[in-house]
Visitor: 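I am attaching a structure below and will ask some questions about it afterwards.
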Amino acid sequence: MEQPGASVIRSSSPFEVLSLAEHTLGFRPRESLLVVSLRPPRWRTGVVGRVDVAAVDEPEVVDAVVRHVVADGAGRCFVAVVTDEGCVPPAERGTRRRLSLVPPLRGGPEVPRPRSWTGDGLLPLPGADRAAHVCAALVRAGVEPEPWLLHRGRLYSYSCDRGCCPAEGLPLERLGATQVAAEMVLAGRVLPADRAGWERGLRTAVAAAGSGGSGGPDEPSGPQDAGDAAVTEALADLASRGRPGSRALRRTWSRLLADETAAPGAGLRLPAASAAELLDGLRRLPLRDQLLATAVPQALPDLAAAPGAAADPDAALAVLQQLARRATGSWRAAATGCAAYVAWCAGSAPAAGVWAEAALELDPGHSLSALVLQAVSIGLPPPGRERGRERGRERGAPLTG
């Protein structure tokens, strides 16, 4: 199960929740089941998850989805089947609201108690059997579901036949008018048309400049080519000129993250010799773990200089991507694999999985990437993530990969 991190929106519109899910995933899902947990008392959004819609036929997959939602402290859950299969029947709807519906997201602090439900209260829309399976499992776990269908460009409710949810559905073009979508546009973030385009973009972000590799025609060339050659030469000369001490390298890394936050592109402006030293440090244990602890101290509190201190994983991801672009081979694998780990700790499991795969293609023996890929594939929550109804925090263990 792909399990990106928590975001927060406050709205009574299902389009806002859908827009949040798309932008959290980073792509527009196809043939998928989406879940978004809603946490009491203010019904803020929590974990956003996605699985292939066909996987819902496997009981263990549904059980895993429900476990993640419950562990996130959800009292309610937005459930959406995304499919182009089947046909919407003629608009003849009877009163079939046997499922206890979720109130608007701006509802009060009281958690509604799920009513006894056997799954036969959903409207006969495509995917209703799968939606019913998931909703019944959520109800048994004490979570109130709200089921929706995204079918061929329109949004339908499985459980409401009132005027607010017309039988012909609601056009998904309204997703572009949501507050979430507007904020993403202002931030310069545009969703690719599909998952393949999204994955290509992620791979391009860590593709070596001028390599002619997986980045394709959008891959940068020109000025960065010289930087890539300079870093390669600096890496070759590193052994002869000596490596910096771990303390000096940690200071360089911390300054680099601060510079990236202040003015993006710091990793590309870094002198080739310093970039080579950092790339070398990302291959040295336990120095690598100490550098990563600066980026995600909640995941590695025993190694962080200031446990619980605020950090900027986005800055670390940007720097790691820039370092990866300036390197080749196993050096690029080290930076890419570390980006996968930071992304996973930050809650971006789908991106972490793509980068972990890319690192393993470059260096099949990169064990950190293998650990991240395994964690993502089984839906393991990242270390230090706020979980459960008690909101307790797990203590992260030092990396062993």
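Note that the structure is predicted; figures quoted are calculated from it, not measured.
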Visitor: Do Leu149 and Leu155 come close enough that some side-chain heavy atom pair is under 4.5 Å?
Guide: no
Visitor: Only one of Arg152, His151, Glu31, Arg130 clears side chain to side chain donor-acceptor pair (under 3.5 Å) with Thr83; which?
Guide: Glu31
Visitor: Are side-chain heavy atoms of Thr261 and Leu257 found at a separation under 4.5 Å?
Guide: no
Visitor: Drop me the distance from Leu320's CG to Tyr341's OH, to the nearest 0.5 angstrom.
Guide: 12.5 Å
Visitor: Using 4.0 Å as the upper bound for N to carboxylate O, is an ion pair formed by Glu60 and Arg67?
Guide: no
Visitor: Using 0.5 Å steps for rounding, measure from the NE2 atom of His366 to the CG atom of Leu282.
Guide: 8.0 Å
Visitor: Measure the shortest side-chain to side-chain distance between Pro126 and Val88 over non-hydrogen atoms and say whether it is less than 4.5 angstrom.
Guide: yes
Visitor: Using modelled atom types and a 3.5 Å cut-off, is there a donor and acceptor pairing between side-chain atoms of Asp312 and backbone atoms of Asp314?
Guide: yes
Visitor: Can you check whether Arg332's main-chain N or O pairs, donor with acceptor, with Arg326's side chain at less than 3.5 Å?
Guide: no
Visitor: Give me the atom names and distance for the closest heavy-atom approach of Tyr158 to Ala131.
Guide: CE1-CB, 3.6 Å
Visitor: Could you measure the distance from the CG atom of Leu170 to the OG atom of Ser13? Nearest 0.5 Å is fine.
Guide: 9.0 Å
Visitor: Backbone N or O of Arg200 within a donor-acceptor pair of the Thr204 side chain at under 3.5 Å?
Guide: yes
Visitor: Just wondering, do Leu238 and Arg243 contact through their side chains at under 4.5 Å, heavy atoms?
Guide: yes
Visitor: Between Tyr156 and Trp148, is a side-chain contact (heavy atoms from CB on, under 4.5 Å) present by the stated rule, with each step listed?
Guide: CA-CA 6 Å; Tyr156 302 85; Trp148 294 86; 6.0 Å; no
Visitor: Would the distance check show the side chain of Thr336 and the main-chain N or O of Ala333 forming a donor-acceptor pair, the cut-off being under 3.5 Å?
Guide: no
Visitor: Stepwise, does the salt bridge (charged side-chain N to carboxylate O under 4.0 Å, His left out) test hold for Arg203 with Glu361?
Guide: CA-CA 11 Å; Arg203 285 177 171 265; Glu361 290 169 6; 2.9 Å; yes
Visitor: Can you name the closest pair of heavy atoms from Ala346 and Pro313 and give their distance?
Guide: CB-CB, 4.0 Å
Visitor: So which of Val62, Val79, Asp52 actually passes side-chain contact (heavy atoms from CB on, under 4.5 Å) with Leu33?
Guide: Val79
Visitor: Ignoring hydrogens and geometry beyond distance, is a side-chain donor-acceptor pair present between Arg283 and Ser330 at under 3.5 Å?
Guide: yes
Visitor: How long is the span from the OG1 atom in Thr252 to the CZ atom in Arg255, to the nearest 0.5 Å?
Guide: 4.5 Å
Visitor: Establish, from distance only, whether the side-chain atoms of Glu357 and Trp355 form a donor-acceptor pair under 3.5 Å.
Guide: no
Visitor: Carefully, step by step, assess Leu150 and Val81 under the rule side-chain contact (heavy atoms from CB on, under 4.5 Å).
Guide: CA-CA 6 Å; Leu150 281 72; Val81 173; over 6 Å; no
Visitor: Tell me whether Ser369 contacts the main-chain N or O of Leu360 through its side chain, where contact means a donor paired with an acceptor under 3.5 Å.
Guide: no
Visitor: Tell me whether Arg39 contacts the main-chain N or O of Arg44 through its side chain, where contact means a donor paired with an acceptor under 3.5 Å.
Guide: no
Visitor: For residues Gly267 and Gln322, report the shortest heavy-atom separation together with the two atoms involved.
Guide: N-OE1, 2.6 Å
Visitor: Would you please test Val82 and Val53 for side-chain contact (heavy atoms from CB on, under 4.5 Å) and show each step?
Guide: CA-CA 7 Å; Val82 186; Val53 70; over 6 Å; no
Visitor: Could you tell me whether a side-chain N or O of Glu260 sits under 3.5 Å from a main-chain N or O of Gly265, the two making a donor and an acceptor?
Guide: yes
Visitor: Tell me, yes or no, whether the heavy-atom count around Glu58 atom CD, taken from other residues, nucleotides or ligands under 6.0 Å, exceeds 12.
Guide: yes
Visitor: How close do Leu373 and Gly353 get, heavy atom to heavy atom, and via which atoms?
Guide: CD1-O, 3.8 Å
Visitor: Between Val65 and Val56, is any pair of side-chain heavy atoms under 4.5 Å apart?
Guide: no
Visitor: Considering only heavy atoms from C-beta outward, does the side chain of Val69 approach that of Leu138 to under 4.5 Å?
Guide: yes
Visitor: Of all heavy-atom pairs between Leu123 and Ala128, which one has the smallest distance, and what is that distance?
Guide: O-CB, 3.7 Å
Visitor: State, to 0.1 Å, how close Val143 and Ala74 come at their nearest heavy-atom pair, and which atoms those are.
Guide: CG2-O, 3.7 Å
Visitor: Has the side chain of Ser254 got a donor or acceptor atom that lies under 3.5 Å from a matching backbone atom of Arg251?
Guide: no
Visitor: Would you check if Leu285 and Arg288 make a side-chain contact, meaning some heavy-atom pair closer than 4.5 Å?
Guide: yes
Visitor: Kindly compute the distance separating CG (Leu34) from CG (Leu18), expressed to the nearest 0.5 Å.
Guide: 7.0 Å
Visitor: Is any side-chain heavy atom of Cys338 less than 4.5 Å from a side-chain heavy atom of Leu368?
Guide: yes
Visitor: For Ser32, does its backbone N or O pair with a side-chain atom of Arg50 as donor and acceptor, under 3.5 Å?
Guide: no
Visitor: Nearest 0.5 Å, what's the CD-OG distance between Gln290 and Ser246?
Guide: 5.5 Å
Visitor: Between Leu25 and Glu22, does the side-chain contact (heavy atoms from CB on, under 4.5 Å) criterion hold? Intermediate values first, please.
Guide: CA-CA 5 Å; Leu25 288 169; Glu22 288 189 349; 6.0 Å; no
